[in-house]
Amino acid sequence: MVRYYPVMLMVEGARCIVIGGGPVAERKVHGLLEAGAEVVVVSPAVTAGLDNLAAGGFIHCCKREYREQDLEHAALVFAASGDRAVNREVAEAAKRRAIPCTVADKPLEGDFVTPSVVRRGDLVIAVTASGSSPALAARVARELEECYGREYEDFTAWLGRLRMMAAAELKDSSLRHAVLRRAVHMMGTDWRLDTDEERIRERLYMIKSQLEGGMDDDRRSE
Ligand SMILES: C[C@@]1(CC(=O)O)C2=NC(=C\c3[nH]c(c(CCC(=O)O)c3CC(=O)O)Cc3[nH]c(c(CC(=O)O)c3CCC(=O)O)/C=C3\N/C(=C\2)[C@@H](CCC(=O)O)[C@]3(C)CC(=O)O)/[C@H]1CCC(=O)O
Ligand SMILES: NC(=O)c1ccc[n+]([C@@H]2O[C@H](COP(=O)([O-])OP(=O)(O)OC[C@H]3O[C@@H](n4cnc5c(N)ncnc54)[C@H](O)[C@@H]3O)[C@@H](O)[C@H]2O)c1
């Protein structure tokens, strides 16, 4: 069993190389584009979906077999060809160049695995079963999609604005933390009305005075 260390990588503008052009490669490409990466696919044949992305200028496609120079200037490498020997070669070349690599058909040859992902704006939920069951990771992610619906995108953005204001205005850190811990329980309230800075300020001080007024159990949900 591998105990993976979860992180969220910033790949905006970073060159990510995907070797292979089948459905698995296409899934990785979509995830990379959502995070703003610069994607290069190297594969003699590619899916219609990848062809469309290349035609639209969203990715660069090299329709030929992999060669080691493809890894030059790469930030991340995805070995997702249908050929075991090629994927091993890619993993070894990435290791020599100290570029993090994932291997679609033999995870232990790589440095990381890709989780199943739920995106709600800044709220990003990633689920893995560490290679034991990709199907379970996908199932759990679908269940979380139900729990955390589209409304969480705006709610997370609102919390971000409230937090920035709290950082600027509430100097007492334990009070600030209490306010922010209480705010995450406010999904069922009328936070959507807080469209301008003044409304957010009012909300911030309302939560603060609730806490100061004795309702200071910030673990109590709304
Ligand atoms: C989560 C997801 C993300 C993504 O792909 O980006 C993902 N696989 C997904 C789906 C999926 N993959 C497979 C099935 C069939 C059912 C089953 O096997 O369970 C299904 C389900 C389906 O198709 O619905 C087959 C499969 N997958 C791997 C192998 C090779 C091996 O195990 O050795 C084989 C056998 C191939 C064969 O036998 O031919 C390997 C990996 N797949 C991973 C990720 C990494 C571990 C993640 C983890 O365990 O948490 C890892 C290790 C490497 C990697 O690719 O990063 C995505 C769901 C996206 C979503 O829907 O949200
Ligand atoms: N990680 C996962 O989620 C997952 C899921 C299912 C399957 N797999 C494994 O991932 C691999 C890819 O799966 P798929 O369904 O996309 O396979 P696929 O057979 O549909 O596609 C393989 C791709 O690799 C390309 N290719 C072959 N030789 C190449 C080379 N020398 N250089 C570059 N590209 C080359 C082919 O042109 C093709 O586009 C398989 O080994 C499969 O067992 C992984």
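Just so you know, ligand 1 is whichever comes first in the structure, and atom 1 is the first atom listed for that ligand. For this chain, numbers begin at 1 and follow the sequence in order.
Y66 and V18 fall into different hydrophobic clusters, where Ile, Leu, Val, Met, Phe, Trp and Tyr residues are linked whenever their side-chain heavy atoms come under 4.5 Å apart, directly or through other members. Hydrophobic cluster membership is shared by L123 and V127, with clusters built from Ile, Leu, Val, Met, Phe, Trp and Tyr side chains linked at under 4.5 angstrom. A continuous path of Ile, Leu, Val, Met, Phe, Trp and Tyr side chains, each step under 4.5 Å between heavy atoms, connects V184 with Y152, placing both in one hydrophobic cluster.
For ligand 2, the polar-atom distance check against V24 finds a nitrogen or oxygen pair separated by under 3.5 Å. Considering backbone and side-chain N/O atoms, R64 never comes within less than 3.5 Å of an N/O atom of ligand 2. Checking only distances, V86 never comes within under 3.5 Å of ligand 2, N or O to N or O.
Listed by number with element, the atoms of ligand 2 under 4.0 Å from a non-hydrogen atom of S81 are 11 (C), 12 (C), 24 (O), 26 (N), 34 (N), 35 (C), 40 (C), 41 (O). Those atoms of ligand 2 with a heavy atom of G20 less than 4.0 angstrom away are 24 (O), 25 (C), 34 (N). Annotation for ligand 2: atoms under 4.0 Å from non-hydrogen atoms of G22 are 16 (O), 20 (O), 21 (O), 23 (C), 39 (O). Per-residue contacts place V42 under 4.0 angstrom from the following atoms of ligand 2 (heavy atoms of the residue considered): 33 (C), 34 (N). Ligand-side atoms of ligand 2 in range of E65: 31 (N), 32 (N), range being under 4.0 angstrom from any heavy atom. The contact set between ligand 2 and I19, taken as ligand atoms under 4.0 Å from a residue heavy atom, comprises 33 (C). Atom numbering of ligand 2 starts at 1 in the shown order; those under 4.0 Å from a heavy atom of R27 are 2 (C), 3 (O), 5 (C).
Under the 4.0 Å criterion applied to side-chain N and carboxylate O atoms, E109 and K95 are not assigned as salt-bridge partners. R161 has no carboxylate O lying under 4.0 Å from a charged side-chain N of D194, or vice versa, which leaves the two without a salt bridge. We find that R64 and D70 are joined by a salt bridge, their nearest charged nitrogen and carboxylate oxygen being less than 4.0 Å apart. The existence of a salt bridge linking E197 and R201 is excluded, since no basic side-chain nitrogen approaches an acidic carboxylate oxygen closer than 4.0 Å. A salt bridge links R142 to E145: at least one charged side-chain nitrogen sits closer than 4.0 Å to a carboxylate oxygen.
Below 30°, between 30° and 60°, or above 60°: for W158 and F155 the angle between ring planes is below 30°, a parallel geometry.
Around CZ of F58, the count of heavy atoms belonging to other residues, nucleotides or ligands within 6.0 Å does not exceed 12. Counting non-hydrogen atoms of neighbouring residues, nucleotides and ligands closer than 6.0 angstrom, the CZ atom of R97 exceeds 12 such neighbours. No more than 12 heavy atoms of other residues, nucleotides or ligands lie within 6.0 Å of OH in Y148, so this atom counts as exposed by the packing criterion. The number of heavy-atom neighbours closer than 6.0 Å to NE2 of H73, taken from other residues, nucleotides and ligands shown, is 12 or below.
Residues satisfying the side-chain hydrogen bond (donor to acceptor under 3.5 Å, both in side chains) criterion with D154, sequence neighbours excluded, are R192.
Under the 4.0 angstrom criterion, atom 42 (C) of ligand 2 counts as lacking any protein heavy-atom contact.
Atom 22 (C) of ligand 2 has G82 N, 3.3 Å as its closest protein atom, hydrogens excluded (heavy atom only). The protein atom (non-hydrogen) at minimum distance from atom 12 (C) of ligand 2 is A80 O, 3.5 Å. Here the heavy atom of the protein found nearest to atom 28 (N) of ligand 2 is D83 CB, 4.3 Å. Given atom 37 (O) of ligand 2, the protein heavy atom at minimum distance is S43 OG, 3.0 Å. Protein heavy atom at the shortest distance from atom 20 (O) of ligand 2 is P23 CD, 3.3 Å. Remark: minimum distance from atom 1 (N) of ligand 2 to any protein heavy atom is reached at A104 O, 3.3 Å. Ranking the protein heavy atoms by distance from atom 34 (N) of ligand 2 puts P44 CD, 3.4 Å first. From the protein, the heavy atom lying nearest to atom 32 (N) of ligand 2 is Y66 N, 3.0 Å.
Taking 4.0 Å as the cut-off, V46 does not count as a neighbour of ligand 2 on heavy-atom distance.
Within the 4.0 Å heavy-atom criterion, neither part of T47 lies near ligand 2.
Pairs engaging residues 51-61 under the side chain to side chain donor-acceptor pair (under 3.5 Å) rule: D51-K63 [sequence neighbours left out]. Judged as a side chain to side chain donor-acceptor pair (under 3.5 Å), the pairs with a partner in residues 112-125 (not counting sequence neighbours) are, in order, K28-T114, E34-R119.
Scanning A25, A45, P134 for the heavy atom closest to atom 39 (O) of ligand 2 points to A45.
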> Run the salt bridge (Lys or Arg N to Asp or Glu O under 4.0 Å) check on D190 and R203 step by step: do they pass?
Replying inline: CA-CA 10 Å; D190 59 355; R203 183 80 58 179; 2.9 Å; yes
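For ligand 1, the 4.0 Å heavy-atom shell takes in R27, K28, T102, A104, D105, P107, V113, T114, P115, S116, T128, A129, S130, G131, S132, S133, P134, A135, A137, A138, R142, ordered by chain and residue number.
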